[in-house]
2 protein chains.
Amino acid sequence: MFTIGKASEQSGVNIETIRYYEREGVVPKPGRSAGGRRLYSPDEIAKLRFVRRCRDLGFPISIIQTFLSLTEQDDRSCGEVKTLAENHLDEINAKIENLTRLREALLSLSSNCDEGTAACPMLDSLMKDGLGENRPEQARH
Amino acid sequence: MFTIGKASEQSGVNIETIRYYEREGVVPKPGRSAGGRRLYSPDEIAKLRFVRRCRDLGFPISIIQTFLSLTEQDDRSCGEVKTLAENHLDEINAKIENLTRLREALLSLSSNCDEGTAACPMLDSLMKDGLGENRPEQARH
DNA sequence: CTTGCTCCTGTAGCCACTACAGGAACTAAA
DNA sequence: TTTAGTTCCTGTAGTGGCTACAGGAGCAAG
């Protein structure tokens, strides 16, 4: 059994974040020592590491909770996982596209900017009236 | 002069967001009607539109505030704008790279997933011990 | 005058953490 | 055994950038 510090080291999850996950019910409450300290089994540490890796892949907590419940009852889990992963891939691709369009827009706006110029052409055109609004749908980065 | 509803329409900024920007000091407090309603001049609406466009480009509020103060005192603004825009471009590029790496990782993990499989290979390898940790630095999406 | 719309203030919620404050419990050296 | 240092505990508040109420007031048209 390991204290929260060791569990943090081994799982790569910040101590505060481990307690947060416990509060939110992402991972089950661990046992406690006589003095009231959390004690983690290797299995519980593996779960924390799993959550961390999923977060690194960009999955939201809600999906990770689904993953965790699927690993408990391990019948027919793979199809669901595949769907969830594919949806997440679509989101990642959408974000990449958005950011790429953003980059182009920003590049063309700032291209005329230079050290000496007094009235900045980028700021100017951003302040101008509504010609070519061209709003991104609801891309929030 | 325009009420907040019209200002919202013309600027593309949500009503609640306009009030939020006012509270936070992003835009100056507008005048009020006899009955206590906010009244916006075309200039103030242009400012709101400017903020919205900068947000669409992914700039954080703090940078947008710098932009706004630069448009007030319009001496030598362009060099600073250029630097800020370039830094932001770097961040966008870093995000794109991160997401691209994420996509590759997720693709290779989920490639062996399929409808029939019982023990999911993706979940399995995410749960496994620390071989090839390969942590992204601090990419949070 | 009434209906329905817009507006007002103030507060709480979202996501996924992170950062304290103030105190208790362990560990190791003197 | 005392002491110092470290780790842990709970609880609360803050981050960014909004969004969503609740409960009320103002205003325009029929």
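By convention in this document, chain letters (A, B, ...) are assigned in the order of the sequence lines, proteins followed by strands, and residues within each chain are numbered from 1.
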task = Side chain of B/I61 only, please: which of D/dG17, C/dC8, C/dA16 is the nearest?
result = D/dG17
query = How many Å lie between CD on B/E24 and P on D/dT15, as a whole number?
reply = 9 Å
message = Heavy-atom nearest nucleotide on DNA chain C for B/T3 versus B/R23: which residue maps closer to 5'?
response = B/T3
note = Taking C/dC8, C/dT18, D/dC9 as options, the one with an atom nearest any side-chain atom of B/R32 is C/dC8
request  = Specify the separation, in whole Å, of atom CG of B/L48 and atom C1' of D/dG17.
outcome  = 15 Å
inquiry  = Could you walk me through whether B/I4 and B/L39 satisfy the side chain to side chain contact (heavy atoms under 4.5 Å, CB included) test, starting with their C-alpha distance in whole Å, then the side-chain angles of each, then the deciding distance to 0.1 Å, before giving a yes or no?
reply    = CA-CA 7 Å; B/I4 199 169; B/L39 290 178; over 6 Å; no
message = At 4.0 Å (heavy atoms only), tell me whether A/R19 reaches a base, stays on the sugar-phosphate, or touches nothing.
response = base
Protein-nucleotide distance (A/E91, atom CD; C/dC15, atom P), rounded to Å = 14 Å
Residue closer to the 5' end of DNA chain D, B/V51 versus A/I15 (nearest nucleotide) = A/I15
query = Starting at the 5' end of DNA chain D and moving along, which residue's nearest nucleotide shows up first, B/N14 or A/E16?
reply = A/E16
inquiry  = Taking only side-chain N and O atoms of A/T17, does any of them lie within less than 4.0 angstrom of OP1 or OP2 on C/dT18?
reply    = yes
message = Would you say B/Y21 places a side-chain N or O within less than 4.0 Å of OP1 or OP2 belonging to D/dC18?
response = yes
Single-linkage hydrophobic cluster A/L107~B/I63, side-chain heavy atoms < 4.5 angstrom = yes
query = Between A/Q65 (CD) and C/dA16 (C1'), how many Å, whole number?
reply = 12 Å
ask   = So which one's nearest nucleotide on DNA chain C is more toward 5', B/K6 or A/P60?
value = B/K6
query = After noting the C-alpha distance and the side-chain angles of A/I96 and B/K95, does the key distance pass the side chain to side chain contact (heavy atoms under 4.5 Å, CB included) rule?
reply = CA-CA 8 Å; A/I96 292 174; B/K95 274 189 193 172; over 6 Å; no
task = Let me know the distance between CZ of B/R55 and C1' of D/dT19, rounded to the nearest Å.
result = 14 Å
key: Main-chain N/O of B/R37 paired with B/R32 side-chain donor or acceptor, under 3.5 Å   = no
task = Find the distance A/Y20:OH to D/dT10:C1' and express it as a whole number of Å.
result = 18 Å
query = Any ion pair linking B/E72 and B/K47 (charged N to carboxylate O, less than 4.0 Å)?
reply = yes
query = Can you tell me if B/T17 uses its side chain to pair, donor with acceptor, with the backbone of B/V13 under 3.5 Å?
reply = no
Close N or O pairs between protein and nucleotides 25-29 of chain C (under 3.5 Å):
unit_1 : atom_1 : unit_2 : atom_2 : d
C/dA25 : N3     : A/R37  : NH2    : 3.1
C/dC26 : OP1    : A/G35  : N      : 3.4

message = In this structure, how many angstroms lie between the C1' atom of D/dG17 and the CD atom of B/E22, rounded?
response = 17 Å
request  = Take the protein atom CD1 of A/I18 and the nucleotide atom C1' of C/dC17, then report the distance between them rounded to whole Å.
outcome  = 13 Å
ask   = Can we say A/D56 and A/R52 salt-bridge, meaning some charged N sits less than 4.0 Å from an Asp/Glu carboxylate O?
value = yes
